Participant: 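Before anything else, here's the structure in question.
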Number of protein chains: 4
Amino acid sequence: MPRQPEAPKIGDNSVNGAHLRAFVERVERLEEDKKALSDDIKGVYAEAKGNGFDAKQMRAVIRIRWQDRDKRREEQEVLDMHLAALGLL
Amino acid sequence: MPRQPEAPKIGDNSVNGAHLRAFVERVERLEEDKKALSDDIKGVYAEAKGNGFDAKQMRAVIRIRWQDRDKRREEQEVLDMHLAALGLL
Amino acid sequence: MPRQPEAPKIGDNSVNGAHLRAFVERVERLEEDKKALSDDIKGVYAEAKGNGFDAKQMRAVIRIRWQDRDKRREEQEVLDMHLAALGLL
Amino acid sequence: MPRQPEAPKIGDNSVNGAHLRAFVERVERLEEDKKALSDDIKGVYAEAKGNGFDAKQMRAVIRIRWQDRDKRREEQEVLDMHLAALGLL
DNA sequence: TGGACGAATGGGCGCC
DNA sequence: GGCGCCCATTCGTCCA
């Protein structure tokens with residue numbers, strides 16, 4: 001018998017609601033922080049623009065650097081997989 | 001003559017580069033924090049799921065509450081405008 | 001007066017319907033071809049698996065090679081942008 | 001003794017590598033074709049849009065027709081099974 | 001207003 | 001055979 005997560009039960013409404021509310025509020029709080037960071041980032045771009053830099057260029061640079069990091073990590077993974085496949089890890 | 005921000009000049013390369021680098025790194029730092037928050041949010045959804053709540057529903061709830069807040073604020077603004085128009089504010 | 005694309009007019013129903021149908025059928029045909037390719041790809045992975053290769057590893061390799069190509073293209077773009085910013089392009 | 005596919009052996013590296021490379025390139029080729037088709041599909045949607053049709057609606061239509069086709073096929077299968085059960089097929 | 005970006009949904013896949 | 005993860009596509013939002 002598949003044990004799906006308990007559906008909300010009558011009688012548990014209030015406690016359940018409180019539980020749900022807590023989760024919802026945690027998410028909302030985090031989302032607010034996230035939005036604040038987004039605004040900060042925009043601010044930095046605006047400041048950079050005021051100093052003669054182009055946002056498009058900056059984004060391109062950042063993307064490259066990001067890809068570099070990702071690529072390094074992934075290459076490491078591939079290497080590990082190959083080593084593991086050879087029984088050397 | 002409209003004074004648009006100075007384009008990068010040859011000869012300023014090093015100082016300019018340092019300047020650009022600073023902006024780039026500030027953005028990258030903020031982006032990392034933002035990503036961390038995104039992950040936290042996912043964590044909360046996962047935890048909620050483990051307690052029998054559905055992420056999709058939660059998102060719907062959060063969207064509604066968000067709209068409500070916006071609506072309230074807007075209504076407050078309208079009210080303030082009316083009061084101001086009546087010289088009561 | 002903003003000229004938004006003509007809304008379907010009463011009386012044009014049949015011609016309009018024929019027009020829409022033509023677009024829909026073109027998309028459907030292309031989607032079928034695409035699905036066929038997806039199946040081919042699965043076939044190749046299956047064949048490779050039959051020869052002792054692991055799909056996960058292959059995917060990792062392909063992803064890396066793909067990133068390489070992308071990265072090259074993007075770096076070229078960044079270079080072009082920098083050159084353009086210096087008035088050298 | 002169950003003959004599971006040979007794991008890559010040390011000493012077979014080069015031939016193995018060539019083999020793997022062949023599979024990888026076949027996949028990459030197919031993926032490119034697939035991407036080309038995706039782009040074609042986008043092109044059709046763009047063209048339709050230019051003729052006043054909405055992509056979202058078109059997608060809905062296509063989805064419905066797809067489901068219909070599936071349903072028809074399934075019903076046909078059921079019918080065939082019944083006919084076969086009656087020795088009429 | 002169209003394009004770019006991030007988030008969200010749905011489907012495919014392997015694991016248990 | 002169900003479950004959770006991962007990827008592809010799609011949808012909404014923001015900026016130019």
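Note that this is a predicted model, so its numbers are computed, not measured. What's counted below: heavy atoms across the whole structure, side chains too, no hydrogens, waters or symmetry copies. First the proteins, then the strands, lettered A, B, ... as listed; each starts at 1.
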Participant: Write down the distance between CG (C:Asp39) and C1' (F:dA8), rounded to a whole number of angstrom.
Facilitator: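 So the two atoms are 15 Å apart, to the nearest Å.
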Participant: Within this structure, what is the CG-to-P distance between B:Asp54 and F:dG4, rounded to whole angstrom?
Facilitator: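 Atom-to-atom, B:Asp54 to F:dG4, this comes out as 13 Å.
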Participant: Can you measure A:Ile41 atom CD1 to F:dT13 atom C1' for me and round it to whole angstrom units?
Facilitator: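 It is 15 Å, rounded to the nearest whole Å.
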Participant: Classify the nucleic acid contact of C:Lys34 as base, sugar-phosphate or nothing, counting any heavy atom under 4.0 Å across all strands shown.
Facilitator: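 Since only primed, P, OP1 and OP2 atoms lie under 4.0 Å of C:Lys34, the category is sugar-phosphate.
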Participant: List the residues meeting ring-ring contact (aromatic ring centres under 6.0 Å, His included) with C:His19, not counting sequence neighbours, and say none if there are none.
Facilitator: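 If we apply the ring-ring contact (aromatic ring centres under 6.0 Å, His included) test to C:His19, skipping adjacent residues, the hits are C:Phe23, D:Phe53.
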Participant: Would you indicate whether B:Arg29, at its atom CZ, is surrounded by more than 12 heavy atoms from other residues, nucleotides or ligands within a distance under 6.0 Å?
Facilitator: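 Open: at most 12 neighbouring heavy atoms sit under 6.0 Å from CZ of B:Arg29.
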Participant: Reckon B:Ser38 has a side-chain N or O less than 4.0 Å from the OP1 or OP2 of E:dG6?
Facilitator: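 Checking E:dG6 against B:Ser38, no side-chain N or O comes under 4.0 Å of OP1 or OP2.
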Participant: Nearest whole Å is fine: how far is E:dA7 P from A:Lys35 NZ?
Facilitator: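 Result: 14 Å.
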Participant: Using whole Å, report how far CD1 of A:Ile62 lies from P of E:dA4.
Facilitator: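 Spelled out: CD1 on A:Ile62 to P on E:dA4 is 18 Å.
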Participant: On a heavy-atom basis, which atom in B:Val27 and which in A:Met58 lie closest, and how many Å separate them?
Facilitator: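 Looking at all heavy atoms of both residues, the shortest contact is CG2-CE, 4.2 Å.
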Participant: Is the CZ atom of D:Arg21 crowded by more than 12 outside heavy atoms at less than 6.0 Å?
Facilitator: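 No, CZ of D:Arg21 has 12 or fewer neighbouring heavy atoms, counting only those of other groups under 6.0 Å.
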Participant: Between C:Leu37 (CG) and F:dT9 (P), how many Å, whole number?
Facilitator: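 Those two atoms, CG and P, are 12 Å apart.
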Participant: Could you run through nucleotides 8-16 of chain E and give me one letter per nucleotide, 5' to 3': B if any protein heavy atom sits under 4.0 Å from the base, S if only the sugar-phosphate is that close, - if neither?
Facilitator: SSS-SS---
Participant: Distance check needed: F:dT9 P versus D:Asp40 CG, whole Å only.
Facilitator: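 Atom-to-atom, D:Asp40 to F:dT9, this comes out as 14 Å.
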Participant: Between D:Glu47 and D:Asn51, do the side chains contain a donor N or O and an acceptor N or O under 3.5 Å apart?
Facilitator: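 Not at all, the side chains of D:Asn51 and D:Glu47 share no donor-acceptor pair under 3.5 Å.
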Participant: Are B:Arg69 and A:Glu32 ion-paired here, with the side-chain N under 4.0 Å from a carboxylate O?
Facilitator: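 Salt bridge flag = yes for A:Glu32 with B:Arg69.
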